[in-house]
Trainee: 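The following block contains the structure, expressed as structure tokens.
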Amino acid sequence: MGDPLSLLRQYNMQGQPIVERDNNILFGEHSWPKTVATNYLISGKNKGGRPKEYYSLECLIYFLKHVALHHPDYVRQAASDGVPAVRRPDRKDLLAYLRGKITTCSSIDMAAPLQMPMQVYEGN
């Protein structure tokens with residue numbers, strides 16, 4: 001079993017389809033709500049003693065689907081669709097990580113609390 005960010009990376013690198021069903025994201029037999037926080041920190045949001053903020057799984061999947069758009073167009077489209085956008089300073093390293101060009105980066109919080117997946121069985 002993995003965490004949502006690692007599984008998203010694995011599925012993206014292998015070209016496997018990411019299944020969205022009933023506001024959940026399915027990776028094989030593991031499922032998380034679309035809104036689950038990953039362990040990828042949002043730049044600029046984690047300073048001054050404030051609680052850490054992380055990108056949601058939905059946000060990262062949306063980013064991958066719209067990565068070809070210029071950043072201002074992507075941000076407008078995400079806002080129009082009601083999905084939080086990946087911030088410009090995070091794009092390069094995040095995309096490199098999700099494509100397998102780098103194995104980790106400073107924005108991945110290995111100590112972040114992660115939600116356990118729900119098990120999905122054939123026929124569910």
Side-chain angles (χ1 to χ4, degrees):
M1 174 185 60
D3 63 274
L5 180 63
S6 297
L7 285 171
L8 177 60
R9 179 179 191 260
Q10 176 186 328
Y11 272 59
N12 186 61
M13 288 171 47
Q14 295 174 352
Q16 293 178 279
I18 297 165
V19 178
E20 298 181 43
R21 185 188 314 150
D22 300 327
N23 290 315
N24 290 304
I25 307 295
L26 284 67
F27 297 104
E29 50 186 48
H30 302 292
S31 170
W32 283 271
K34 287 166 56 167
T35 56
V36 71
T38 65
N39 58 335
Y40 202 95
L41 291 161
I42 300 173
S43 69
K45 290 269 194 167
N46 303 296
K47 297 179 181 170
R50 291 185 285 189
K52 293 179 179 180
E53 291 186 46
Y54 302 91
Y55 286 111
S56 70
L57 185 55
E58 174 184 34
C59 174
L60 299 185
I61 290 171
Y62 190 90
F63 171 65
L64 284 173
K65 288 180 180 178
H66 297 88
V67 74
L69 293 175
H70 291 290
H71 190 72
D73 297 329
Y74 157 73
V75 171
R76 276 192 292 277
Q77 186 67 46
S80 172
D81 292 339
V83 178
V86 169
R87 292 175 169 222
R88 186 185 300 268
D90 294 328
R91 285 180 67 104
K92 182 180 175 186
D93 282 349
L94 176 58
L95 190 57
Y97 175 75
L98 292 174
R99 288 183 171 167
K101 297 190 185 311
I102 59 175
T103 57
T104 191
C105 70
S106 61
S107 294
I108 298 174
D109 182 357
M110 299 308 287
L114 296 172
Q115 180 176 326
M116 296 299 292
M118 296 176 286
Q119 289 292 125
V120 178
Y121 300 101
E122 203 61 38
N124 283 356

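Everything numeric here is computed off the predicted structure, so don't read it as measured data.
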Trainee: Do you see a donor-acceptor pair shorter than 3.5 Å between the side chains of Tyr40 and Asp90?
Mentor: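 Asp90 and Tyr40 do not have a side-chain donor-acceptor pair below 3.5 Å.
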Trainee: With the 4.5 Å side-chain cut-off for hydrophobic clustering, are Ile61 and Leu95 part of the same group?
Mentor: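 Yes, because Ile61 and Leu95 connect within a single hydrophobic cluster, where side-chain heavy atoms sit under 4.5 Å apart.
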Trainee: Taking only residues at least two apart or on different chains, which pairs with a member in residues 76-118 satisfy ring-ring contact (aromatic ring centres under 6.0 Å, His included)?
Mentor: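 Of all non-adjacent pairs touching residues 76-118, none passes ring-ring contact (aromatic ring centres under 6.0 Å, His included).
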Trainee: Does Leu114 belong to the same Ile/Leu/Val/Met/Phe/Trp/Tyr cluster as Met110, with side-chain heavy atoms less than 4.5 Å apart forming each link?
Mentor: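 No.
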Trainee: Can we say Glu53 and Arg87 salt-bridge, meaning some charged N sits less than 4.0 Å from an Asp/Glu carboxylate O?
Mentor: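 Looking at Arg87 together with Glu53, the answer is no, because their closest N to O distance does not fall below 4.0 Å.
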Trainee: Which atoms form the tightest heavy-atom contact between Pro84 and Cys59, and what is the distance?
Mentor: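 Nearest heavy atoms, Pro84 then Cys59: O-SG, 3.0 Å.
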Trainee: Anything under 30° is parallel, anything over 60° is perpendicular, the rest tilted; go ahead and classify Tyr62 against His66.
Mentor: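 Because their plane-to-plane angle is under 30°, the rings of Tyr62 and His66 count as parallel.
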Trainee: Between Asp81 and Val83 (side chain of the first, backbone of the second, donor and acceptor by atom type, cut-off under 3.5 Å), is there such a pair?
Mentor: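 Not at all, since once roles are kept as given, no pair shorter than 3.5 Å links the two residues.
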Trainee: Measure across Ala37 and Tyr54 and return the closest heavy-atom pair with its distance rounded to 0.1 Å.
Mentor: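 Looking at all heavy atoms of both residues, the shortest contact is CB-CB, 4.2 Å.
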Trainee: Is there a chain of hydrophobic side chains (I, L, V, M, F, W, Y, each step under 4.5 Å between heavy atoms) that links Val36 to Met118?
Mentor: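 No, Val36 does not connect to Met118 through the hydrophobic network.
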Trainee: Would Met13 end up clustered with Leu64 when hydrophobic side chains under 4.5 Å apart are linked, directly or stepwise?
Mentor: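 Shared cluster, no.
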Trainee: Taking C-beta and beyond as the side chain, do Thr35 and Glu58 meet within less than 4.5 Å on heavy atoms?
Mentor: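 Yes, at least one pair of side-chain atoms sits under 4.5 Å.
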Trainee: State which residues pass ring pair (Phe, Tyr, Trp, His ring centres under 6.0 Å) with Tyr74; sequence neighbours excluded, sorted by chain then number.
Mentor: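 Residues passing ring pair (Phe, Tyr, Trp, His ring centres under 6.0 Å) with Tyr74: Phe63, His71.
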Trainee: In chain order, what residues pass the side-chain contact (heavy atoms from CB on, under 4.5 Å) check against Gln16, with sequence neighbours excluded?
Mentor: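 Scan of Gln16 (side-chain contact (heavy atoms from CB on, under 4.5 Å), adjacent residues dropped) gives Gln10, Tyr11, Gln14.
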Trainee: Output yes when a side-chain donor or acceptor of Thr38 lies under 3.5 Å from a complementary backbone atom of Tyr55, and no otherwise.
Mentor: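 Side chain of Thr38 to backbone of Tyr55: a pair is present.
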Trainee: Is there a side-chain contact between Arg99 and Asn12, using heavy atoms and a 4.5 Å cut-off?
Mentor: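 Side chain of Arg99 against side chain of Asn12, heavy atoms only: contact under 4.5 Å found.
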